[in-house]
Amino acid sequence: MKPIQIEIHGVTSKSSEEICAALLDTERWSDFGGYSILPGIKHAHFEIRTPEVIGSRIIVQNTDGSAHIEEIVEWDPAKKVVLKFQAFTPPLKDIASHFIETWEFERSNTETHTKRSMSMYPNHLFGWLILLPISRLMKKAFEQNAKQFS
């Protein structure tokens, strides 16, 4: 089944390396407040933290009691970071197999241009229909969260 995709663009004075350092600071993950009925993050911590970062796994507890694991599958702080959201608890477990979040960076003079995207992979047509409005909320949550990186 075709994934549902969202994307936002931004510009910040922070370097991509500073943004990536913030991504690894799980104490800051609770700054992601969600949007409307989309839950935020209550707590996150490393289950596994590898020296090369790729393969690191972060357990995420959401404000609605649900949880999932985020695995870092690509790590190039100058250009691109990719995380795979998986091992969802209900209700998302019954709706989606996984999400892929990608951060892409391009430096120009004193600014970093960012592209943050997410692909949501539904389990079935019903899941796709439920994920469609959720994707709109996620995009709004990304836009709010982007203010922390500006």
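Residue E52 places its CD atom among more than 12 non-hydrogen atoms of other residues, nucleotides or ligands, all under 6.0 Å distant. In this structure, W128 places its CH2 atom where only 12 or fewer heavy-atom neighbours from other residues, nucleotides or ligands lie under 6.0 Å away. Residue E106 places its CD atom among 12 or fewer non-hydrogen atoms of other residues, nucleotides or ligands, all under 6.0 Å distant.
Using a distance-only test at 3.5 Å, with no hydrogens or angles considered, a donor-acceptor pair links the side chain of E18 to the main chain of S15. Using a distance-only test at 3.5 Å, with no hydrogens or angles considered, no donor-acceptor pair links the side chain of E17 to the main chain of A21. For the pair N62 (side chain) and D64 (backbone), a donor-acceptor distance under 3.5 Å is absent.
For the atom pair CD1 of I130 and CG of N123, the computed distance is 10.5 Å after rounding to the nearest 0.5 Å.
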With a cut-off of 3.5 Å and sequence neighbours excluded, list every side-chain donor-acceptor pair involving residues 87-96.
unit_1 : atom_1 : unit_2 : atom_2 : d
T89    : OG1    : A67    : N      : 2.9
T89    : OG1    : A67    : O      : 3.3

For residues 36-51, tabulate all N or O donor-acceptor pairs below 3.5 Å that involve a side-chain atom, not counting sequence neighbours.
unit_1 : atom_1 : unit_2 : atom_2 : d
E47    : OE1    : R57    : NE     : 2.9
T50    : OG1    : V53    : N      : 3.0
T50    : OG1    : V53    : O      : 3.3
T50    : OG1    : I54    : O      : 2.8
T50    : OG1    : S56    : OG     : 3.3

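You'll find the side chain of F85 reaches within 4.5 Å of the side chain of E101, heavy atoms only. You'll find the side chain of P122 reaches within 4.5 Å of the side chain of M1, heavy atoms only. With contacts defined as side-chain heavy-atom distances shorter than 4.5 Å, the pair L131/F99 qualifies. Side-chain contact between E104 and K79 is absent, with no heavy-atom pair separated by less than 4.5 Å. In this structure, the side chains of S16 and W103 stay at 4.5 Å or more apart for every pair of heavy atoms. Contact of the V11 side chain with the T114 side chain is not registered, since no non-hydrogen atoms from C-beta on lie closer than 4.5 Å.
Aromatic ring centres of Y121 and H98 lie closer together than 6.0 Å.
Ring geometry, F32 versus F142: the interplanar angle exceeds 60°, so the pair is classed perpendicular (tilted spans 30 to 60°).
The two atoms that bring K80 and V82 nearest to each other are CE-CG2, 3.7 Å, heavy atoms only. Summarising the geometry of S135 relative to I6, their closest heavy-atom pair is O-CG2, 3.5 Å, with the distance given to 0.1 Å. In terms of heavy-atom proximity, D25 sits nearest to W29 at O-CD1, 3.3 Å. The minimum heavy-atom distance between A22 and R28, with the atom names listed, is CB-NH1, 3.3 Å.
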Apply side chain to side chain contact (heavy atoms under 4.5 Å, CB included) to residues Q86 and H68 and explain how you reach the verdict. CA-CA 6 Å; Q86 58 197 334; H68 66 276; over 6 Å; no

Determine, step by step, whether V81 and C20 satisfy the side chain to side chain contact (heavy atoms under 4.5 Å, CB included) criterion, reporting the C-alpha distance in whole Å, the side-chain angles of both residues, the deciding distance to 0.1 Å, and the verdict. CA-CA 8 Å; V81 171; C20 289; 3.5 Å; yes

